[in-house]
Amino acid sequence: MDNFDSFQIRKFTYKSELDKAIHSLEGILKGITIDNQINDNEIIELRYWYDENIKSLNFHSIKELSPLLEDIMNNEKIFDSDYEDLLWFCKKYSTPNYYFDIITSDIQKLEGIIHGILADNI
C-alpha cells in the first residue's frame, strides 16, 4: 500500500489534491473567523490542515504559505491583513472548474467552513 501513495502514482492526482487542499483551507479560514474570535481549538484545526497538507503537497507556491500559517499558529491570532493575504492566496492558486466542477469546489469550501465552525465545539 505504501507504493500506492508514491509519487509515481500521485503525479497524476497531485494538482487535484492541491486544488482540494486550497479549497479546504479557504473554507476553514472562513469558518474559524465567522464568530470573530479565534480560540485554541480553531488554531488546532488550522494546524491539522497544515500538518496534513504542507508536508504532502510539496509544491513551491503552497510552501509560501508556511511562514504565514506558522506565524498565525504561534501567535494563536489571525490579524486582518494575514486573513486577507491567505484568502488572496487561496483564490490565486485554486483553479476554478479545472479539476472539479463549481459544485464540487463549493462543497469542498463548505466542508472547510463546517470544520472551522465546529472546531471550537460551540
Side-chain angles (χ1 to χ4, degrees):
M1 193 62 148
D2 290 334
N3 291 336
F4 181 75
D5 287 336
S6 72
F7 278 102
Q8 292 177 358
I9 303 291
R10 288 187 69 213
K11 67 183 177 185
F12 299 110
T13 62
Y14 179 75
K15 290 184 179 181
S16 64
E17 289 177 50
L18 175 65
D19 212 28
K20 182 178 179 183
I22 290 175
H23 290 154
S24 177
L25 175 62
E26 182 179 352
I28 289 170
L29 290 169
K30 289 179 179 181
I32 64 176
T33 58
I34 218 161
D35 61 358
N36 295 322
Q37 294 178 341
I38 307 295
N39 63 33
D40 293 340
N41 291 331
E42 291 169 330
I43 295 297
I44 289 170
E45 184 68 29
L46 192 58
R47 185 175 301 280
Y48 177 76
W49 181 92
Y50 178 85
D51 290 342
E52 288 292 313
N53 292 288
I54 291 293
K55 293 174 186 168
S56 65
L57 297 173
N58 191 17
F59 189 62
H60 177 69
S61 61
I62 204 166
K63 292 290 186 185
E64 294 173 14
L65 281 175
S66 292
L68 186 55
L69 287 172
E70 288 172 2
D71 189 44
I72 290 169
M73 290 182 290
N74 290 335
N75 294 333
E76 297 182 358
K77 186 172 186 180
I78 298 179
F79 296 104
D80 289 340
S81 61
D82 294 339
Y83 178 74
E84 294 300 324
D85 288 346
L86 286 169
L87 286 181
W88 174 85
F89 181 90
C90 290
K91 291 186 187 308
K92 182 177 184 216
Y93 285 102
S94 65
T95 52
N97 300 330
Y98 189 71
Y99 294 103
F100 303 106
D101 63 16
I102 190 73
I103 295 170
T104 304
S105 298
D106 286 347
I107 288 173
Q108 292 166 349
K109 292 174 191 174
L110 178 62
E111 183 181 6
I113 290 170
I114 292 169
H115 275 269
I117 291 171
L118 295 176
D120 62 358
N121 294 319
I122 298 175

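Here the structure is a predicted model, which is why all the values come from computation and not from measurement.
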Taking a hydrophobic cluster as the set of Ile, Leu, Val, Met, Phe, Trp and Tyr residues connected by side-chain heavy atoms closer than 4.5 Å, whether directly or through intermediates, do [X] and [Y] fall within one such cluster?
{"X": "L110", "Y": "L29", "value": "no"}
{"X": "I28", "Y": "I44", "value": "no"}
{"X": "Y50", "Y": "Y83", "value": "yes"}
{"X": "I78", "Y": "Y48", "value": "no"}
{"X": "F79", "Y": "L69", "value": "no"}

Residue pair D35 / I32: nearest heavy atoms and the distance that separates them:
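Between these two residues, the closest heavy atoms are OD1-O, 3.5 Å.
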Does E42 reach the main-chain N or O of N39 with its side chain, forming a donor-acceptor pair under 3.5 Å?
yes
Using a 3.5 Å distance criterion without hydrogens, assess whether the side chain of N53 forms a donor-acceptor pair with backbone atoms of W49.
yes
To the nearest 0.5 angstrom, please state how far the [atom1] atom of [X] sits from the [atom2] atom of [Y].
{"X": "D85", "Y": "I72", "atom1": "CG", "atom2": "CD1", "result": "9.0 Å"}
{"X": "I22", "Y": "F89", "atom1": "CD1", "atom2": "CZ", "result": "5.0 Å"}
{"X": "H23", "Y": "E111", "atom1": "NE2", "atom2": "CD", "result": "12.5 Å"}
{"X": "S24", "Y": "I107", "atom1": "OG", "atom2": "CD1", "result": "13.5 Å"}
{"X": "N41", "Y": "L46", "atom1": "CG", "atom2": "CG", "result": "12.5 Å"}
{"X": "I43", "Y": "I38", "atom1": "CD1", "atom2": "CD1", "result": "6.0 Å"}

Around atom CG of N74, are there more than 12 heavy atoms of other residues, nucleotides or ligands at under 6.0 Å?
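Counting other residues, nucleotides and ligands, CG of N74 exceeds 12 neighbours.
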Within a strict 4.5 Å, meaning less than it, do heavy atoms of the N75 and D71 side chains meet?
yes
